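Only one structure is covered here, and it is reproduced in the block below.
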Amino acid sequence: MSLQEEIINRFGVKPQIDVDAEIRKRVDFLKQYVTNAGAKGLLIAISGGIDSAVAAGLCKRATDELSAESGQEYMTLGVFQPYGEQVDIADSYAVAEAFQLKHTVETNIEEAVNEVALEVEQGFKGLGQPRHISVPGKGNIKARIRMVAQYALAFDLNLIVVGTDHASEALTGFYTKWGDGAVDITPLSSLNKRQIRQLAERLGVPRSVIDKVPTAGLWEGQTDEKELGVSYEHNSDYLEGKPVPSDVQAKLEQHYRKTEHKRAPIPGI
């Protein structure tokens, strides 16, 4: 078995999908998890990107159905988490409006992130290495502070924290360990980016979000494809078992090997 086949089997990506069946399966998955956990609903951080928009649409369907079936209210809480002024924050609110989310909250992470970064820089000074924290290092702090806030909200409201990780991100390890990768449940995990776009079209995600260039938004000018050096089209082709250029395959498999620590259980002895 080739490494490509091993990866496809590991993530469970299908070469093609029935969009309605995939939506139904994932909504049922969310409903069952909430019911089994005795939770009151789901929490999804809405970044303004397509992944969180699709997850939000699935969450809202799940909690609406649970409310209708049980006669008690289940909540989908949409959380907006800008760092200072977020230029595309309107897209986050557009997603909430498209899915008629009744419960939303904004938690601006700027002050908390800057305080943590300052303490880290004090640590550098204590080591005799006075310097500013790196841009990627501060980006990781942003992702982790966001998750701290999400879990604080979810704990007191008895909600399940929903992640947006999917197979295209898992392949390259393109997420922050203990940041956006630290969640309770991942309803998109066996989909690649192309398939997520298919679900977005069917669910009614706003066009401005579907057409947006994918970015983690952790620093100015950052885009997923520029940082990884591989397009999501090639990434999706690879996960669907299609041939890709040899240099692209090598780069994807290099990312996969390098980031195995993110996907593996915590080692111990």
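Quick caveat: nothing in here was measured; it's all calculated off a predicted structure.
Annotation: the span from R61 atom CZ to R24 atom CZ amounts to 8.0 Å, rounded to 0.5 Å. Taken from CG in L30 to OG1 in T35, the straight-line distance is 10.5 Å, to the nearest 0.5 Å. Here the CD atom belonging to E65 is positioned 7.0 Å from the CG atom belonging to D28, to the nearest 0.5 angstrom.
With sequence neighbours left out, the side-chain contact (heavy atoms from CB on, under 4.5 Å) criterion links I8 to Q4. Residues meeting the side-chain contact (heavy atoms from CB on, under 4.5 Å) test with Y93, sequence neighbours left out: F80, I89, E106. By the salt bridge (charged side-chain N to carboxylate O under 4.0 Å, His left out) test, E85 pairs with no residue at all, sequence neighbours left out. Remark: E233 pairs with R194 by the salt bridge (charged side-chain N to carboxylate O under 4.0 Å, His left out) rule, at least two apart or across chains.
Cation-pi geometry between K60 and F99 is not met at under 6.0 angstrom from the ring centre and within 45 degrees of the axis. The cationic atom of R263 (NZ for Lys, CZ for Arg) does not lie both less than 6.0 Å from the six-membered ring centre of F11 and within 45° of the ring axis.
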Go through the steps to decide whether L42 and L58 satisfy the test side-chain contact (heavy atoms from CB on, under 4.5 Å), and finish with yes or no. CA-CA 10 Å; L42 300 161; L58 296 173; over 6 Å; no
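Ion pairing of E22 with R202 is absent here, as no side-chain N (NZ or NE/NH1/NH2) approaches a carboxylate O to less than 4.0 Å.
Across V248, L171, L228, V244, a single residue satisfies side-chain contact (heavy atoms from CB on, under 4.5 Å) together with N235, and that is L171.
Across all their heavy atoms, K138 and N114 have their closest contact at NZ-OD1, 3.1 Å.
When hydrophobic side chains of Ile, Leu, Val, Met, Phe, Trp and Tyr are connected at separations under 4.5 Å, L153 ends up clustered with L43, M75, L77, V79, V105, L157, L159.
Side-chain contact check for T164 and S52: no donor-acceptor pair (N or O, by modelled atom type) lies under 3.5 Å.
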What side-chain donor-acceptor pairs closer than 3.5 Å can you find for residues 115-124, not counting sequence neighbours?
| unit_1 | atom_1 | unit_2 | atom_2 | d |
| --- | --- | --- | --- | --- |
| E121 | OE2 | H132 | ND1 | 3.4 |
| E121 | OE2 | I133 | N | 3.0 |

